[in-house]
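Sequence lines set the chain letters: A, B, ... in the order given, protein chains first and strands last, and positions in each chain run from 1.
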Number of protein chains: 2
Amino acid sequence: MNPGQAEHAEHEVRTALAQRRVRYTPARRLVVEALSRAAGPLAAGDLHERLGGRVPLSSLYRTLAVLEEAQVLTREHDAAGVARYELAEWLLGHHHHLVCSVCGEVRDVGVDPAVETTITRLVARVAADAGYRAAGHRLDIEGTCAACRTA
Amino acid sequence: MNPGQAEHAEHEVRTALAQRRVRYTPARRLVVEALSRAAGPLAAGDLHERLGGRVPLSSLYRTLAVLEEAQVLTREHDAAGVARYELAEWLLGHHHHLVCSVCGEVRDVGVDPAVETTITRLVARVAADAGYRAAGHRLDIEGTCAACRTA
DNA sequence: TTCCTTGCAAACGATTTGCATTGGA
DNA sequence: TCCAATGCAAATCGTTTGCAAGGAA
C-alpha cells in the first residue's frame with residue numbers, strides 16, 4: 001500500500017473504530033501503520049520486531065484481537081500454523097496470496113477484475129451445487145519466489 | 001472417497017511407502033483408512049476420536065509426521081489454527097474446500113476439469129507476473145453450510 | 001471517578017520430544 | 001540381533017489471560 005493509500009486507510013480505520021466506540025490508541029495506530037506498509041500478512045512476531053519491541057507481545061496480541069473484532073484486520077494461518085494478520089479487504093482491496101514454498105514468504109497479489117468476476121461466479125456455482133451459500137473465497141498460489149529460485 | 005477408491009488408495013499407499021522403505025504399520029493403516037473415509041481434512045483430535053482412542057495422541061502425531069514426510073498426506077491449518085490432515089492430491093485427486101464460517105466444517109469439493117484448467121492458467125500467469133513460478137494453488141470457498149443455514 | 005488499556009507473569013492448548021519398552025524383519 | 005515404532009510423561013512455543021498499575025474521558 002503506497003503512502004497515499006495508507007493515509008486514506010488510516011482515516012477509514014479511525015472512522016470505523018469511532019463508530020464502534022473503540023479507541024484508536026497509539027499501539028493500535030502503530031499496528032495499523034505497520035500493516036499498511038506490509039507487502040503481505042505478518043505474524044505477531046514480525047510485527048513485534050517491526051515495532052522495535054515498543055509493544056510487548058501480550059499487548060500486541062490484545063491489540064490484534066481488538067482490531068480483528070472491529071473488522072479492521074483479518075487473521076489467517078501460514079503453513080507452519082502461525083497466525084498472520086493483515087488489513088481487512090474493505091481497506092486493502094480484494095487480493096490473493098503468493099506463497100513461496102521455500103522461504104514461506106506470503107505476498108499480496110491483485111488479480112484483473114474481469115478474472116475475479118469469473119472466479120466469483122465459479123465459486124458461487126460450486127458452492128450452490130454443494131448446498132452452500134458462498135460468501136467469499138481465498139486463493140493461495142504456491143510457488144517459488146525469484147529470490148529462492150536464484151539462490 | 002467410496003470403498004472401491006479407498007481400497008485403491010490403500011494399495012497405492014502401500015506401494016509408495018515400500019518404495020521409500022517406510023513400514024506400513026497398523027497405526028499408519030488406521031490413519032490412512034480413516035482419512036479415506038473422511039469428507040474433508042481432519043484434525044489430530046478428530047482422528048484420535050474416530051480411532052476410538054486406540055492410537056495415543058503423541059503416536060498419532062508421529063504417524064502423521066511420517067506420512068506427511070512420505071507425501072502420503074498433507075497438512076494445513078483451519079481458521080482456529082489447528083492442523084488438519086488429508087490424503088495427498090495424488091491419492092485424493094485435485095479438489096478445493098468449502099469452509100462453513102459458522103460451524104467451521106471443511107468439506108472437499110471437486111471442480112469441473114475445464115474450469116480447473118482455466119484456474120491453473122490464470123494462476124500461472126499471475127504468479128509469473130510477480131516473478132514466481134506457480135507449482136500449485138489452493139482455493140477455499142467460505143460460506144454457510146445447509147445445516148447452519150437451517151438452524 | 002470509572003472504564004478501558006497496558007505490561008508483566010503465569011496459564012493454556014496444540015504439538016513435539018526424551019526415553020525406556022516393544023515388536024517386526 | 002537390531003533398528004524402527006510405540007506410549008507415557010515432560011517440554012516447547014505461539015497465544016491467551018489474571019491482575020495490578022497507568023491514562024483518558
Could you walk me through whether V99(B) and D78(B) satisfy the side chain to side chain contact (heavy atoms under 4.5 Å, CB included) test, starting with their C-alpha distance in whole Å, then the side-chain angles of each, then the deciding distance to 0.1 Å, before giving a yes or no? CA-CA 9 Å; V99(B) 183; D78(B) 63 20; over 6 Å; no
Output all residues satisfying side-chain contact (heavy atoms from CB on, under 4.5 Å) with A147(A), sequence neighbours left out; order by chain, then residue number. C145(A)
N/O donor-acceptor pair under 3.5 Å between S101(B) side chain and G143(B) backbone: yes
With sequence neighbours excluded, what pairs up with D108(B) under the side-chain contact (heavy atoms from CB on, under 4.5 Å) test? P41(B), E86(B), L92(B), H95(B), H97(B)
So the ring-ring contact (aromatic ring centres under 6.0 Å, His included) pairs with at least one residue in residues 99-126 of chain A (sequence neighbours excluded) are none
Does V32(B) offer a backbone N or O that forms a donor-acceptor pair with the side chain of S36(B) under 3.5 Å? yes
With the threshold set at under 4.0 Å for non-hydrogen atoms, list the residues of residues 41-49 of chain B touching DNA chain D in residue-number order. none
For DNA chain C, which nucleotides open and close the run of contacts to chain A, 5' to 3', at under 4.0 angstrom from a non-hydrogen atom? dC4(C) to dA9(C)
Let me have the donor-acceptor pairs involving side chains of residues 17-31 of chain A, under 3.5 Å, with sequence neighbours excluded, atom names and distances please.
unit_1: R20(A); atom_1: NE; unit_2: A70(A); atom_2: O; d: 3.4
unit_1: Y24(A); atom_1: OH; unit_2: E10(A); atom_2: OE2; d: 2.9
unit_1: T25(A); atom_1: OG1; unit_2: R28(A); atom_2: N; d: 3.4
unit_1: R28(A); atom_1: NH1; unit_2: R23(A); atom_2: O; d: 2.7
unit_1: R29(A); atom_1: NH2; unit_2: Y24(A); atom_2: O; d: 3.4

Tell me: CZ of R28(B) to P of dA4(D), nearest whole Å? 11 Å
Taken to the nearest whole Å, OH/Y61(A) to P/dG18(D) is 18 Å
Pairs in or reaching into residues 30-49 of chain B: which pass ring-ring contact (aromatic ring centres under 6.0 Å, His included), with residues at least two apart or in two chains? none
Under 4.0 Å between a side-chain nitrogen and a carboxylate oxygen: does that hold for E68(B) and R75(B)? yes
Donor-acceptor contact below 3.5 Å, side chain R107(A) vs main chain A130(B): yes
Neighbour count >12 (heavy atoms, 6.0 Å) for atom CD, E69(A): no
List the residues meeting side chain to side chain donor-acceptor pair (under 3.5 Å) with Q5(A), not counting sequence neighbours, and say none if there are none. N2(A)
With side chain to side chain contact (heavy atoms under 4.5 Å, CB included) as the criterion, how do M1(A) and R37(A) come out once you've worked through the C-alpha distance, each side chain's angles and the decisive distance to 0.1 Å? CA-CA 6 Å; M1(A) 196 176 265; R37(A) 267 186 259 109; over 6 Å; no
W90(B) (side chain) donor-acceptor with V72(B) (main chain) under 3.5 angstrom: no
Tell me, which of residues 63-85 of chain B have any heavy atom that sits under 4.0 Å from an atom in DNA chain C? R75(B), V82(B), A83(B)
Could you identify which residues of residues 12-24 of chain B place a heavy atom less than 4.0 Å from some atom of DNA chain D, listed by residue number, or say none? R23(B)
Considering only residues two or more places apart or on different chains, which pairs with a residue in residues 112-133 of chain A satisfy side-chain hydrogen bond (donor to acceptor under 3.5 Å, both in side chains)? H94(A)-E116(A), H96(A)-E116(A), E116(A)-H137(A), Y132(A)-E105(B)
Which protein N or O atoms sit under 3.5 Å from an N or O of nucleotides 7-11 of chain D?
unit_1: dG7(D); atom_1: OP2; unit_2: S59(B); atom_2: OG; d: 2.9
unit_1: dG7(D); atom_1: N7; unit_2: R62(B); atom_2: NH2; d: 3.3
unit_1: dG7(D); atom_1: O6; unit_2: R62(B); atom_2: NH2; d: 2.5
unit_1: dC8(D); atom_1: N4; unit_2: S58(B); atom_2: OG; d: 3.3
unit_1: dC8(D); atom_1: N4; unit_2: R62(B); atom_2: NH2; d: 3.2

